[in-house]
Amino acid sequence: MKAAGILLTFGILFGGTLGGPWSAWMPQTIVAFEGTCVAIPCRFDYPDELRPSAVHGIWYFNSPYPRNYPPVVYKSRTSIVHESFQGRTRLLGDLQARNCTLQLGRLSPELAGKYFFRGDLGGYNQYTYSEHSNLEIINKPTIVPPAAVVVGTEAELRCVVPDNCPTMKPVVSWLHHEVLEEQAVFGQLEEESGTWSQVSLLKFRPSRENDGHELGCQVTYPNTTFLFEAFATLDVKYVPRILQVNSSLEITEGSHVVLACVVDSNPLALLAWFKEEAVLREEPSTNLTLELDNVTHAHDGIYTCVAENVYGRVNRSLALTIMYAPRKPSVNSSVVAVEGEPVTILCTTESNPEPIITIFKEKQIVATVVYESELLLEIPAVTHEDDGEYWCVAENQYGQRGSAFNLTVEFAPIILVESKCTAARDTVQCVCAVLANPEPVISFELPTRNVTVNETDQEFVYSQKTGYTVTSILTLRGEPDSQLFIVCSARNLYGTKNQQLQFHHSNNLMWAKVGPVGAVVAFAILIAAVCYVSQTRKKKNVNENSSFVQLEHPPVAYSGEYRPPGALDKSEYERRLASDKHLLNKPEGSLDLNVDYANIDFTKLATKDSYTLTEELAEYAEIRVK
């Protein structure tokens, strides 16, 4: 039945008498399994004017020329053939009908080669056709994969089995296909250039897990032991998949960090590490690492691993958080304010986690905030007691940093309680201690004598400054009368303060002899004692107050050097008062109270100012005379 079908096909292909020159047709290539059989379809022609009574034919192997004595495959006149083909060949076609189809059986590898046909019409009318067929003998079927097997897209594999043997029909089946999703098998018979093939179609929907899976196509022949198999490994293409990447990290500043990204993809993906929009590293790979040495807060941010191939793109992000100690706090500036004005000071820093920020003054907490990056200190109405050095300190579990700043308060003069007069025998000394900023001008007034004396009268007044405190001492000689009283007057830009000095009489105390040298020595002893007493109750120097923090001390700019517009100038005072100055006609360093005041022109005794910065208060010293 199969032979009849093939011959019928040949008859359809070659039917009819074409007439014309010597010519032949047969497939250029034909394929058959080893051990099976094959029928080579053949059609030949010769000129019409030749009318042979009988037509014979010969098949040669690998050569068309008889003079080369090629092996005879088949000869219609006799049964003499080459030993390799004995019992293996027979003619299926009718030579009279110009059909030269040849069948070969029990195929072995040595029978693979070229087959030529020679027509014999008798006498000299013999012709070997140049057309020939190349026989290929195989031992496994051919699996034809699609151009691409992509995840989620239906794929089709073809198993092609030659079917050119009239007496043997192949049976085709698939191996290891059970794991495929949505799989189905279809069979069909295909013809191409006069040769036939059984084609088995395996359709399925591939998954990522199918990549690398091996499928087999098996061919058997009923009632035989023939078994032919071929195998193919699926190359499934798919979008990259990120298998492993770091979780979000919290690390300490200065640490070493390795970020790893492991990806599965087919084909190979281009991997890249991004920080925000910046590409840090990229290369085609399945594993890409990013190393960060000695990390700082600048490395803090979102890092993304991106994997991309022709089938898609995926990414995975992580947060890298850098933990670090507070940066040196920043203060808006050192502040100069007038007493009574509102003051606002902002202290800011950076850290992770957020710090505790505290503002100190003289080791006392002024303001604090917890887990914030800034602290706002507001003083509604500043006083002179708010003046001084402050520290802004930020601290978290990773460290502490601080910055110093100054608050300078300008205020009107304040005459301190230490101001008084002391009379002993023939000497009177008056101390006037004034706290003010800017530096005040201090003068001593004797209203009953119409006399004003200040530090410009160096024979009678000596001044010393410490911080914002200015201490002036007036020394007079002679027995004071009961009507004598002395007023201390202090003034600066912000006001004037007058206060009558109280007298303290002591019969057993006297002042050391006052002269050019004695006055200086006595005053030095006096100031030393005053400083010792005042240090126990007045504010210390700004630099000493900041010693509670083991941090760097920025320079402190005191307001004593600050002179606002309109400030009094010493040279101006001297010019204005020079016309009134009157040098007392007494020994140097003393003023005799027993003189006839009616004979002295007190109107010519000048009022003189001083402008000196000081910080500590001063008290006069007494020298007990034994």
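Worth saying up front: this structure is predicted, and the values here are computed from it rather than measured.
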Using 0.5 Å steps for rounding, measure from the [atom1] atom of [X] to the [atom2] atom of [Y].
{"X": "C432", "Y": "F444", "atom1": "SG", "atom2": "CZ", "result": "5.0 Å"}
{"X": "L474", "Y": "D457", "atom1": "CG", "atom2": "CG", "result": "9.5 Å"}
{"X": "Q500", "Y": "E445", "atom1": "CD", "atom2": "CD", "result": "11.5 Å"}
{"X": "N437", "Y": "Y494", "atom1": "CG", "atom2": "OH", "result": "8.0 Å"}
{"X": "L446", "Y": "C430", "atom1": "CG", "atom2": "SG", "result": "8.0 Å"}
{"X": "N309", "Y": "S265", "atom1": "CG", "atom2": "OG", "result": "5.5 Å"}

Close side-chain approach of [X] and [Y], heavy atoms under 4.5 Å:
{"X": "R281", "Y": "L288", "answer": "yes"}
{"X": "T383", "Y": "V409", "answer": "no"}
{"X": "D386", "Y": "V343", "answer": "no"}
{"X": "D300", "Y": "T321", "answer": "yes"}
{"X": "P355", "Y": "R401", "answer": "no"}
{"X": "L435", "Y": "H384", "answer": "yes"}
{"X": "V150", "Y": "Y238", "answer": "no"}
{"X": "T296", "Y": "H299", "answer": "yes"}

Inset, instruction - Verify side-chain contact (heavy atoms from CB on, under 4.5 Å) between K420 and L501, making sure each step is shown before the conclusion. - result: CA-CA 5 Å; K420 64 179 69 175; L501 301 180; 5.5 Å; no
Legend entry - With sequence neighbours excluded, residues passing salt bridge (charged side-chain N to carboxylate O under 4.0 Å, His left out) with R313: E308
Which pair of heavy atoms, one from [X] and one from [Y], lies closest together, and at what distance?
{"X": "W273", "Y": "V245", "result": "CH2-CG2, 3.6 Å"}
{"X": "V366", "Y": "F360", "result": "CG2-C, 4.1 Å"}
{"X": "V335", "Y": "I345", "result": "CG2-CG1, 4.0 Å"}
{"X": "P329", "Y": "T349", "result": "CA-CB, 4.2 Å"}
{"X": "Y311", "Y": "A148", "result": "OH-CB, 4.1 Å"}
{"X": "E350", "Y": "Y324", "result": "O-CE1, 3.7 Å"}

Legend entry - Test log, rule side chain to side chain donor-acceptor pair (under 3.5 Å), inputs E209 and S207: CA-CA 5 Å; E209 292 73 19; S207 65; 3.2 Å; yes
Inset, instruction - Decide side-chain contact (heavy atoms from CB on, under 4.5 Å) for L320 and N246; before the verdict, give the C-alpha distance in whole Å, the side-chain angles of both, and the deciding distance to 0.1 Å. - result: CA-CA 10 Å; L320 182 61; N246 301 69; over 6 Å; no
Inset, instruction - Check step by step if side-chain contact (heavy atoms from CB on, under 4.5 Å) holds for L280 and Y303. - result: CA-CA 10 Å; L280 304 180; Y303 290 76; 3.6 Å; yes
Inset, instruction - Show the numbers, then the answer: is there a side chain to side chain donor-acceptor pair (under 3.5 Å) between T475 and Q429? - result: CA-CA 5 Å; T475 303; Q429 281 201 336; 2.9 Å; yes
Legend entry - E282 and F274: CA distance, side-chain angles, deciding distance, side-chain contact (heavy atoms from CB on, under 4.5 Å) verdict: CA-CA 9 Å; E282 66 176 357; F274 285 78; 5.7 Å; no
Inset, instruction - Assess whether atom NZ of K497 is packed by more than 12 heavy atoms of other residues, nucleotides or ligands within 6.0 Å. - result: no
Legend entry - SG-SG distance C261 to C305 under 2.5 Å: yes
Inset, instruction - Please state whether the rings of Y390 and F405 are parallel, tilted or perpendicular, taking 30° and 60° as the class boundaries. - result: parallel
